[in-house]
Amino acid sequence: MARVLMGPLTRAVVVENPDSSLDELLSAQGMDVTRLSHAPGEDELLRVMKETRAQVLFKRSRVPVTRELVEACPDLFAVQLCCIGDDSVDKKACADHGVLVFNDPVSNGRSVVELVVAHLIALSRRLFETDPVCRQGVWEKNNRERYEIKGKVLGVLGLGNIGRQVARAAEALGMRVHFYDSRYAATEVGVEFGWDAANTIDELMMGSDYVTVHLSASNERGESNENIISRERLMLLGKDRPENSPRIFVNLGRGFLHQPEDLLAAIDAGVIRRAAVDVYPDEPRTGEEWTNPYENEPRVAVTPHIGAATQEAQPRIARRVAWTLGQFSLNGTVRDMVFAPRARLGLVDQSSSDKVLLAVAHSTARGTKRAVDDAIFQAGASNLSSVHKDFESLGVAYDLSVIDRPLSEGEVHTLVAEAARVSEDPTAIRSVRQMHLQR
Ligand SMILES: NC(=O)c1ccc[n+]([C@@H]2O[C@H](COP(=O)([O-])OP(=O)(O)OC[C@H]3O[C@@H](n4cnc5c(N)ncnc54)[C@H](O)[C@@H]3O)[C@@H](O)[C@H]2O)c1
């Protein structure tokens, strides 16, 4: 059944403890906020979502948003991730029910970049291994496998938001930047910056003294990057570099991009000298027991997914997601939507004040968009302007129309029924929201 709401979103559930300033920012936008500071289990989340009739769920990367949850919460219109990674959300289930999913692709980038830079230098000088030895009262002064980063080749795998910033910082520290990204636009940016583009991941691995991984969970075609940095690829690191290359590997991207046993094998084989890892195939909830896959390997520096865990990043994320969701709530504007990360849709300008905005998530089946337009017309309203985007891989489209008069709730339900009739798809319309735009 289509989800229908006449007005802005007013009820939010916040879980997994994003920065507390978020609640105030949402309250200022007229939202009632229910916060669970921990990462609730499935049953608890479902109970709270139903009790509060939540229209939006704010969460970080742990708590799963399953098809069961989406279907059991008919008031839900949006999931707002307070992080980048979206693999905890069943996006197809959300799309099937007209629930839009947003993330924050930029606010924690700087914190990750600084941790990468710290690792490049710390691993080059073996700081993680030297400190515990000194604490034991051992004076072991040597230059064995200790390097400067100046003049070395940094291979950046994934030249998106974070990869690009890492490359710039490394360049400022005297490194030479080599990169690989499968997106044409990213490659163009890298080349424009004067960086050296590799043609394949293998080529990047072979031609780099250091490799730092900043791939997203999937590529631009939606194909998963799981295990993309295979054992064979790890074994190529520094192959075309001088014998005394530092051969250092850093993954602060996602845990499933490489397997711990493959990295350990490359270290055992003497191919990779040092590594730093912040992300793992299996990550526990805070406080849960965890087996560190590198516990017996001092040459791997291990951190518990703290790339973005800084005093600065978390309030920044709170501000950005409050704005993203606020705009979606008040005027249907879409940015940072994970269905198509670089898409922006909005229709608000001076001339649209005092008008009505209709936001419809509907199926991409042929004829559905036409059916929405016809239904608006049949309801006696005029469509003054509209924007539309298909998210083909998820079979959902989002449609924003400025109309000259509000539809009654009955007319909205007629629109839903008409679109279903004309398109011969009972689920043609997934969700509808109508908002009055105020001056
Ligand atoms: N450790 C942490 O705490 C932390 C914090 C923030 C982000 N991250 C992770 O860092 C990664 C990078 O984040 P971002 O904001 O730069 O993402 P982004 O989407 O801006 O960049 C990812 C880049 O990877 C490229 N890419 C994807 N698949 C590819 C493939 N198979 N081959 C070549 N290129 C490919 C994309 O084209 C894109 O340019 C993400 O996985 C994110 O989840 C980790």
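Only this structure's heavy atoms are used, side chains among them; waters, hydrogens and symmetry mates stay out. Counting convention: from 1, in listed order, for ligands and their atoms alike.
Close approach to D181 involves these atoms of ligand 1, each under 4.0 Å from a residue heavy atom: 23 (C), 24 (O), 25 (C), 33 (C), 34 (N), 36 (C), 37 (O), 38 (C), 39 (O). Residue contact check: A308 has heavy atoms under 4.0 Å from atoms 3 (O) of ligand 1. Atoms of ligand 1 found under 4.0 Å from any heavy atom of P105, numbered from 1 in the order shown, are 15 (O). Remark: ligand 1 atoms within the under-4.0 Å shell around heavy atoms of G158 are 24 (O). Within ligand 1, the atoms closer than 4.0 Å to a non-hydrogen atom of H305 are 1 (N), 2 (C), 3 (O), numbered from 1 in the order shown. Of all the atoms in ligand 1, the ones that sit under 4.0 Å from a non-hydrogen atom of Y180 are 32 (N), 33 (C).
A donor-acceptor pair shorter than 3.5 Å can be found between the side chains of T212 and H214. R274 and Y147 form no side-chain donor-acceptor contact under 3.5 Å, judged by distance and modelled atom types alone.
I149 approaches L120 most closely through the heavy-atom pair CG2-O, 3.9 Å. Nearest approach of A318 to D19, heavy atoms of both residues: CB-CB, 4.1 Å. Heavy atoms only, all atoms of each residue included: L159 and G190 are closest at CD2-CA, 3.5 Å.
The shortest contact between atom 12 (C) of ligand 1 and any protein heavy atom is with H214 O, 3.4 Å. Looking only at heavy atoms of the protein, atom 27 (C) of ligand 1 is closest to S216 OG, 3.3 Å. The single protein non-hydrogen atom nearest to atom 7 (C) of ligand 1 is I84 CD1, 3.3 Å, given as residue, atom name and distance. Closest protein heavy atom to atom 43 (O) of ligand 1: R254 NH1, 2.5 Å. Nearest protein heavy-atom neighbour of atom 21 (O) of ligand 1: G160 CA, 3.2 Å. In this structure, the protein non-hydrogen atom closest to atom 41 (O) of ligand 1 is L215 O, 2.6 Å.
The closest approach between A309 and ligand 1 stays at or above 4.0 Å for every heavy atom of the residue.
Of the listed options A217, S182, G109, G253, S182 places a heavy atom closest to atom 30 (C) of ligand 1. Ranked by closest heavy atom to atom 44 (C) of ligand 1, the top entry among L252, V112, V166 is L252.
The presence of a protein heavy atom under 4.0 Å from atom 17 (O) of ligand 1 is ruled out.
At least one donor-acceptor pair closer than 3.5 Å links the side chain of S27 to the backbone N or O of D23. In this structure, E16 contributes its side chain and V63 its backbone to a donor-acceptor pair below 3.5 Å. Side-chain N or O atoms of N103 include one that pairs as donor or acceptor with a backbone N or O of I84 at under 3.5 Å. E226 places no side-chain N or O within donor-acceptor distance of the main-chain N or O of F256, the cut-off being under 3.5 Å.
When only interatomic distances are considered, the shortest N/O to N/O separation between N225 and ligand 1 falls below 3.5 Å. For N161, a nitrogen or oxygen atom sits less than 3.5 Å from a nitrogen or oxygen atom of ligand 1, counting backbone and side chain alike. At under 3.5 Å, a nitrogen or oxygen of I162, whether backbone or side chain, sits near a nitrogen or oxygen of ligand 1.
W195 and F179 have perpendicular rings, their planes meeting at more than 60° on a 0 to 90° scale where under 30° would count as parallel.
Electrostatic pairing of D43 and R47 does not count as a salt bridge here, judged by no charged N lying under 4.0 Å from a carboxylate O. Checked for salt-bridge contact, D196 and R176 miss the test: no charged N lies under 4.0 Å from a carboxylate O.
Contact annotation: for S218 versus ligand 1, heavy atoms closer than 4.0 Å belong to the backbone alone. If you look at N219 next to ligand 1, the close heavy atoms, those under 4.0 Å, come from the backbone and the side chain alike. Only the side chain of I228 comes within 4.0 Å of ligand 1, counting heavy atoms alone; its backbone N, CA, C and O stay farther away.
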Donor-acceptor contacts under 3.5 Å from residues 329-339 side chains, at least two apart:
from : atom 1 : to   : atom 2 : distance (Å)
S329 : OG     : L9   : N      : 2.9
N331 : OD1    : T333 : N      : 3.1
N331 : OD1    : T333 : OG1    : 2.4
N331 : ND2    : Q327 : OE1    : 3.1
R335 : NE     : T324 : OG1    : 3.0
R335 : NH2    : R320 : O      : 3.4
R335 : NH2    : T324 : OG1    : 3.1
D336 : OD1    : R320 : NH2    : 3.1
D336 : OD2    : R320 : NE     : 2.9
D336 : OD2    : R320 : NH2    : 3.1

